Amino acid sequence: MSVKYVGVLWNKQKKRYDKTIALLAILYLVLFVGFNVLLHPTISPEALLVRSTATLALLMLHVILAIGPMARINTKFLPLLYNRRHLGVSMFLVATIHVVFSIIQFHSLGNVNAFVSLFASNTHYDSFVNFPFQVLGFYAFIIILLMAATSHDFWLNNLSPKVWKSLHMLVYVAYALIIMHVMLGVIQLEKSPLLIGMLAVGMLTIITLHLVAAYKTHRADTKENIEEEGFVFVSNLEDIKPNRAKVVTIANESIAVFKYEGKLSAVHNACKHQNGPLGEGKIIDGCITCPWHGYQYKPNDGCAPEPFTEKLHTYDLRLKEGKVYVNPNPKPEGTHIEPLSYE
Amino acid sequence: MSKEEEKDDFYVGYIDKAPKSISKLSRRFVWHITILIVLVAGLIAIGQRGFVNSTFEFGNVSELSGKIYLTPQPFLKVKTGKDIFGNPLYKDVLLIGYGKYGAMSTLEEIESQLNESEIDTYEVTLAGTLVYYDGVTLFELTKGAKSLLDYKKITRTSEWPSNKPNRIGNITLEGQIVDPKCYFGVMKPGHSKPHRSCAIRCISGGIPPFMVAKNENGTFDYYIVLGESGEAINKEVLDYVADPVKLTGSKLKAGEWSLIYLNPKIDIERIKE
């Protein structure tokens, strides 16, 4: 959290994360070049550059897409999510080398502008098999470029979390475009079952992880809501762990009920930063702490501690015979509600 | 630490030290990614079909001397020695321009530097970059008009044989139309779908289209693709470049070059592989 914008809020964990990304990327490039020079001594430096950066960027994209559902399935993977933007920007940099070099290599020094050549050389837009695959890769790159350019919190706040999130969900469109770029491009030449198989395994992994994570979320969201005088049952008190929350979804409204220091408080479940699931967070130093990026809110009024200004909706609670109930009508953001004491 | 306590571990990115159970899992994840990286890099190298041993002597400027011929496409005939009977031996080297251009515009610039008459009446020394593969040699006029290093008027025309095309007969070829500059060395691979756009750009720029056709010996034959009267048909073949095609036409021979003359409107057929 920060009250002003700085390039990167460096901390020990981020430095370690970025060093790991850099080392693994270098390791991949060294291995790729080494294996290819060994197995294909006649490979050209240009082919090495184009293919090593393409495959590295695609591998990084798979990891990026896997992190989200992995963290939903097991919260211990949250450190990977915390700095995912750094991985995204790193992937963008690697992809940039691939795209820029490919445009220079395949389209520059000709009788038309390189960008005109990109769109107008292969004109089989009416054919699936012969479709100009480079155009697909270019559009995917534009999406990744927009994502990298708006990855800073400055853009998140200025575009609003909703618009920002929608923009960044386009990564799935970019992924689909890249898969088609590969399938309609190099795979039509290589045709190796091994390469096709690797791509299929990558896709299946991503799809399976998303389905499992979606199922987990869906199961939590579709619990039957038992209502009593406008209050909806959340959980038995004993089932909420100290300093943790139970989440209940009522009419698409997700509410997190926290238990701490012998008290109960309820706030809207979406963090103001990136809609992170606050209910999967923890009370630290008396504040609800978001599991994604550590944004904090006071449980009794949903306000971020000063000097921060973010505010959440709060909710009335009721405790009856060891059962916790919540009134799903939200109070205005930042409204103080006296915590419900159970001791 | 009990299992229950471990389960309650919570990660906050801006706190210097992560809980043990979480950092342990992160480390394990990094090890798994490392193994994945080794596997992916290795399997991709194994899965690739390989690369031909074509050569583009990028950055290495060579000098070649000989006579320029402008038909069927601009090339330099280079004397390479003599046979056992004392007859001169030649090598035909296809001339191409810098970048994705044919040699014609560069040769016109060079011709304007000469004192009189046409460029093909001189013995010239050119600077450029060699491209070669499978017995075919190309010479990129890398320095444009400055590629001309020396020239002298040919006095003994008998030393330079005619390059008039001789008709051999009708022929049908199955294969792929490529741009020779990339195919013979500048790109790997310089053919098929991944290279289509680049080949179209090169052929649009005046580099002559070549037909690559597999022969009965399993090796490849190369034909310069020309119109029915030997005219350039670069524009007409663009739609077929890098696709599997069948060409029907007349086979001709001009020096070392094999040519196919055809009507691009009716003699090119797209086929399925």
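Keep in mind that this is a model prediction, so the values were computed, not measured.
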Begin from the C-alpha positions of B/Tyr14 and A/Lys12 and carry the test side chain to side chain contact (heavy atoms under 4.5 Å, CB included) through to its verdict. CA-CA 8 Å; B/Tyr14 48 75; A/Lys12 211 173 169 184; over 6 Å; no
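- Proximity to chain A is limited to the side chain of B/Ser26, based on heavy atoms less than 4.5 angstrom apart.
- When A/Val33, A/Asn74, A/Asn83, A/Leu80 are compared by the number of non-hydrogen pairs under 4.5 Å with chain B, A/Leu80 comes out ahead.
- Summarising the local packing, NZ of B/Lys143 is surrounded by 12 or fewer heavy atoms from other residues, nucleotides or ligands at distances under 6.0 Å.
- In terms of heavy-atom pairs under 4.5 angstrom with chain A, the leader among B/Val12, B/Ile44, B/Val30 is B/Ile44.
- One finds the CG atom of B/Leu43 at 12.0 Å from the OG1 atom of A/Thr55 (value rounded to the nearest 0.5 Å).
- In terms of non-hydrogen atom pairs under 4.5 Å with chain A, the most contact-rich of B/Lys188, B/Lys17, B/Gln48 is B/Gln48.
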A/Val186 and B/Lys193: CA distance, side-chain angles, deciding distance, side chain to side chain contact (heavy atoms under 4.5 Å, CB included) verdict: CA-CA 7 Å; A/Val186 73; B/Lys193 175 94 183 272; over 6 Å; no
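- A/Phe131 touches chain B through its backbone: at least one of N, CA, C or O sits under 4.5 Å from a heavy atom, while the side chain does not.
- For chain A, no part of B/Arg27 is nearby; none of its heavy atoms comes within less than 4.5 Å.
- Between chain A and the options B/His191, B/His195, B/Met187, the largest number of non-hydrogen pairs under 4.5 Å is found for B/Met187.
- When each of A/Pro79, A/Ala47, A/Ser44, A/Gly185 is scored by its heavy-atom pairs under 4.5 Å with chain B, the top score falls to A/Pro79.
- Both the backbone and the side chain of A/Leu24 come within less than 4.5 Å of a heavy atom of chain B.
- Looking at A/Ile284, the atoms closer than 4.5 Å to chain B (heavy atoms on both sides) all sit in the side chain, from C-beta outward.
- Atom OH of B/Tyr98 has 12 or fewer heavy atoms from other residues, nucleotides or ligands within 6.0 Å.
- Among A/Gln134, A/Arg51, A/Glu46, the residue making the largest number of heavy-atom pairs under 4.5 Å with chain B is A/Arg51.
- Taking 4.5 Å as the limit, every side-chain heavy atom of A/Phe106 sits out of range of all side-chain heavy atoms of B/Ser197.
- In this structure, A/Asn36 CG and B/Phe51 CZ are separated by 6.5 Å, a value rounded to the nearest 0.5 Å.
- Contacts of A/Thr20 with chain B are made by side-chain atoms alone, with heavy-atom separations under 4.5 Å and no backbone atom involved.
- Taking A/Leu184, A/Ile187, A/Leu38, A/Asn243 one by one and counting their heavy-atom pairs under 4.5 Å with chain B, the maximum is reached by A/Leu184.
- For A/Gln105, the parts lying under 4.5 angstrom from a heavy atom of chain B are both the backbone and the side chain.
- Note on B/Gly99, B/Ala45, B/Pro19, B/Gly205: by heavy-atom pairs under 4.5 Å with chain A, the leading option is B/Ala45.
- Ranked by heavy-atom pairs shorter than 4.5 Å toward chain A, the options B/Val52, B/Asp243, B/Thr34, B/Val241 are led by B/Val52.
- In this structure, the portion of A/Leu195 lying under 4.5 Å from any heavy atom of chain B is its side chain and not its backbone.
- Side chains of A/Gln188 and B/Pro194 form no contact here, defined as non-hydrogen atoms less than 4.5 Å apart.
- Residue A/Phe35 touches chain B through both its backbone and its side chain, counting heavy-atom pairs closer than 4.5 Å.
- The closest side-chain heavy-atom distance from A/Leu189 to B/Pro189 is below 4.5 Å.
- B/Arg49 touches chain A through backbone and side chain together, each having a heavy atom under 4.5 Å away.
- The main-chain N or O of A/Gly110 is found under 3.5 Å from a side-chain atom of B/Tyr101 such that the two form a donor-acceptor pair.
- With a 4.5 Å cut-off on non-hydrogen atoms, B/Ile200 touches chain A through its side chain but not through its backbone.
- The number of heavy-atom neighbours closer than 6.0 Å to CZ of A/Phe128, taken from other residues, nucleotides and ligands shown, is 12 or below.
- Residues B/Tyr11 and A/Lys76 have side chains not in contact (no heavy-atom distance under 4.5 Å, counting atoms from C-beta outward).
- Interface remark: of the candidates B/Val186, B/Leu36, B/Asp239, B/Ile33, B/Asp239 forms the most heavy-atom pairs closer than 4.5 Å to chain A.
- The number of heavy-atom neighbours closer than 6.0 Å to CG of A/Asp285, taken from other residues, nucleotides and ligands shown, is 12 or below.
- At least one donor-acceptor pair closer than 3.5 Å links the side chain of A/Asn111 to the backbone N or O of B/Ser204.
- Of the inter-residue distances, the one linking B/Arg201 atom CZ with A/Ser108 atom OG reads 11.0 Å to the nearest 0.5 angstrom.
- Taken from OH in B/Tyr133 to OG1 in A/Thr42, the straight-line distance is 9.0 Å, to the nearest 0.5 Å.
- Within the 4.5 angstrom heavy-atom criterion, atoms from both the backbone and the side chain of A/Phe77 approach chain B.
- To the nearest 0.5 Å, atom CZ of residue B/Arg196 and atom NE2 of residue A/His124 are 4.5 Å apart.
- Proximity to chain B involves both the backbone and the side chain of A/Leu109, based on heavy atoms less than 4.5 angstrom apart.
- Taking OG of B/Ser192 as the start and NZ of A/Lys191 as the end, the distance is 7.0 Å to the nearest 0.5 Å.
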